[in-house]
**Student:** 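There's a structure below that I have some questions on.
Computed from a predicted model, the values in this text were never measured in an experiment. Each ligand, and each atom within it, is numbered from 1 in the order the structure gives.
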Amino acid sequence: MIQLKNITKVYGKDSGQEVTALKDVDLIIEKGDFVAIVGASGSGKSTMMNILGMLDRPTKGEYYLENREVNSYKDDELAKVRNKTIGFVFQKFHLLPKTSAMENVELPLIYSDRKNIKGLALEALKKVKLEDRASHTPNELSGGQQQRVAIARALVNEPEIILADEPTGNLDSKSTLEVMSIFQELNKSGKTIILITHEQDIAEQAGRVIKIQDGKIAEDYRNENPRSASEELKLVDVNE
Ligand SMILES: Nc1ncnc2c1ncn2[C@@H]1O[C@H](COP(=O)(O)OP(=O)(O)OP(=O)(O)O)[C@@H](O)[C@H]1O
Ligand SMILES: [Mg+2]
């Protein structure tokens with residue numbers, strides 16, 4: 001699905017204060033992988049995310065998306081490929097305030113030529129079990145519910161890949177399990193998921209863990225039996 005070859009990212013070339021955030025990174029992400037990217041603050045996780053998400057370009061190296069080299073694309077082509085292929089989820093949700101859950105989810109479709117935008121948005125809200133909150137604005141929703149709306153928005157274009165940067169960073173433990181169980185379900189249905197996290201607990205729920213240290217991949221291993229968020233959620237519900 002994705003292949004990085006010798007990717008290097010250097011910030012601050014112009015100011016003379018150069019920081020090498022990624023150093024010669026080689027990485028293959030297979031279709032259907034569920035990858036957790038972990039590492040200390042400043043190790044290069046967000047830099048990696050921005051490059052994987054085509055939000056930023058590497059200083060050096062090649063990026064292949066389904067065998068096509070994307071660095072040669074012009075910005076507008078890149079934006080098109082990005083919108084079609086990748087759904088983004090952020091730590092701080094980034095929902096429009098004073099705008100209903102439904103309308104937030106519709107946003108990515110507004111400039112598409114898709115028909116039945118309302119139907120597609122409602123379908124995406126169903127996938128995160130929030131169809132009964134469609135008319136609520138973000139301030140009427142809990143943090144976990146807001147993040148689920150953000151996931152619905154990421155899903156509505158039916159991207160192959162979901163990229164999430166600390167999606168549970170602002171959530172309590174129950175909402176974290178709810179969000180993780182949605183990601184696990186999406187992964188089972190075939191989506192490729194790449195998620196950045198500080199927490200080992202979260203990483204254990206992914207099928208593959210990549211540890212970044214000083215801009216390099218220090219570890220890359222697979223979890224044969226990832227922890228099931230939905231099973232853990234049942235235990236929380238029983239104890240409540
Ligand atoms: N725009 C920028 N200009 C200059 N240096 C930058 C820029 N963005 C990041 N850096 C530097 O690159 C390195 C990697 O940063 P990055 O944001 O990728 O880390 P991170 O692993 O996401 O950290 P955190 O866990 O704190 O979010 C850091 O040393 C950081 O200071
Ligand atoms: Mg970061």
**Student:** Just let me know how Val19 lines up against ligand 1, side chain, backbone, both or neither, with a heavy-atom cut-off below 4.0 Å.
**Tutor:** side chain
**Student:** Counting only heavy atoms not in Asp214 (residues, nucleotides, ligands), do more than 12 fall under 6.0 Å from its CG?
**Tutor:** no
**Student:** Can you tell me if Ala40 has a non-hydrogen atom under 4.0 Å from ligand 1?
**Tutor:**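 Checking ligand 1 against Ala40, which is what was asked, there is a heavy-atom contact under 4.0 Å.
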**Student:** Any nitrogen or oxygen of Gly44, main chain or side chain, under 3.5 Å from a nitrogen or oxygen of ligand 1?
**Tutor:** yes
**Student:** Just go through Thr47, Ile196, Asp165 and tell me whose heavy atom is the nearest to atom 15 (O) of ligand 1.
**Tutor:**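 The option holding the nearest heavy atom is Thr47.
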**Student:** Less than 4.0 Å from atom 31 (O) of ligand 1, is there any heavy atom belonging to the protein?
**Tutor:**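 Looking at atom 31 (O) of ligand 1, one finds that no protein heavy atom lies closer than 4.0 Å.
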**Student:** For Lys84, does the NZ atom sit with more than 12 other heavy atoms under 6.0 Å from it, leaving out its own atoms?
**Tutor:** no
**Student:** Determine whether Gln147 and Pro167 make a side-chain contact, defined as any pair of heavy atoms from C-beta on separated by less than 4.5 Å.
**Tutor:**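 Heavy-atom side-chain distance check passes, below 4.5 Å.
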**Student:** So, do Val105 and Val156 sit near enough that their side-chain heavy atoms are less than 4.5 Å apart?
**Tutor:**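 In contact.
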**Student:** Answer yes or no: is there a side-chain heavy-atom contact under 4.5 Å between Gln3 and Tyr63?
**Tutor:** no
**Student:** Take the Mg ion (ligand 2) as the centre and count protein N, O or S atoms at distances under 2.8 Å.
**Tutor:**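 Count of protein N, O, S atoms less than 2.8 Å from the Mg ion (ligand 2): 1.
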**Student:** Where's the contact between Glu166 and ligand 1, heavy-atom distance under 4.0 Å: side chain, backbone, both or neither?
**Tutor:** neither
**Student:** Does Gly12 come within less than 4.0 Å of ligand 1, judged by its heavy atoms?
**Tutor:** no
**Student:** Distance to 0.1 Å, residue and atom name: give those for the protein heavy atom nearest to atom 6 (C) of ligand 1.
**Tutor:** Tyr11 CD1, 3.2 Å
**Student:** Can you confirm, on distance only, whether ligand 1 has an N/O atom lying under 3.5 Å from any N/O atom belonging to Gly42?
**Tutor:**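 Between Gly42 and ligand 1, an N or O pair is found under 3.5 Å apart.
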**Student:** Tyr64 and Glu66: side-chain donor and acceptor closer than 3.5 Å?
**Tutor:** no
**Student:** Heavy-atom contact check, 4.0 Å cutoff: does His198 meet ligand 1?
**Tutor:**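 Yes, His198 has heavy atoms under 4.0 Å from ligand 1.
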**Student:** Check the surroundings of atom CG in Asn116: do more than 12 heavy atoms from other residues, nucleotides or ligands lie under 6.0 Å from it?
**Tutor:** yes
**Student:** May I ask you to identify the nearest protein heavy atom to atom 25 (O) of ligand 1, giving residue, atom name and distance to one decimal place in Å?
**Tutor:** Lys45 NZ, 2.7 Å
**Student:** I need the single residue from Glu106, Glu123, Glu158 that forms a salt bridge (charged side-chain N to carboxylate O under 4.0 Å, His left out) with Arg114. Which is it?
**Tutor:**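 Checked Glu106, Glu123, Glu158 against Arg114; only one passes salt bridge (charged side-chain N to carboxylate O under 4.0 Å, His left out): Glu158.
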**Student:** Any idea which of Ser46, Gly215, Ala21 brings a heavy atom closest to atom 17 (O) of ligand 1?
**Tutor:** Ser46
**Student:** Provide, to 0.1 Å, the distance between atom 26 (O) of ligand 1 and the closest protein heavy atom, together with that atom's residue and name.
**Tutor:**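 The closest one turns out to be Ser41 OG, 2.5 Å.
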**Student:** Out of Thr59, Thr47, Asp56, which residue meets the side chain to side chain donor-acceptor pair (under 3.5 Å) rule with Lys9?
**Tutor:** Asp56
**Student:** What is the ring orientation for Phe88 with Phe90, classed by angle as parallel under 30°, tilted 30 to 60°, or perpendicular over 60°?
**Tutor:** parallel
**Student:** In plain terms, say whether Asp220 and Lys211 are close enough for a salt bridge, that is, a side-chain N and a carboxylate O under 4.0 Å apart.
**Tutor:**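 No salt bridge links Asp220 with Lys211.
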**Student:** Of all the heavy-atom pairs spanning Lys31 and Met1, show the shortest one and how long it is.
**Tutor:**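 Minimum heavy-atom separation between Lys31 and Met1: N-CB, 3.6 Å.
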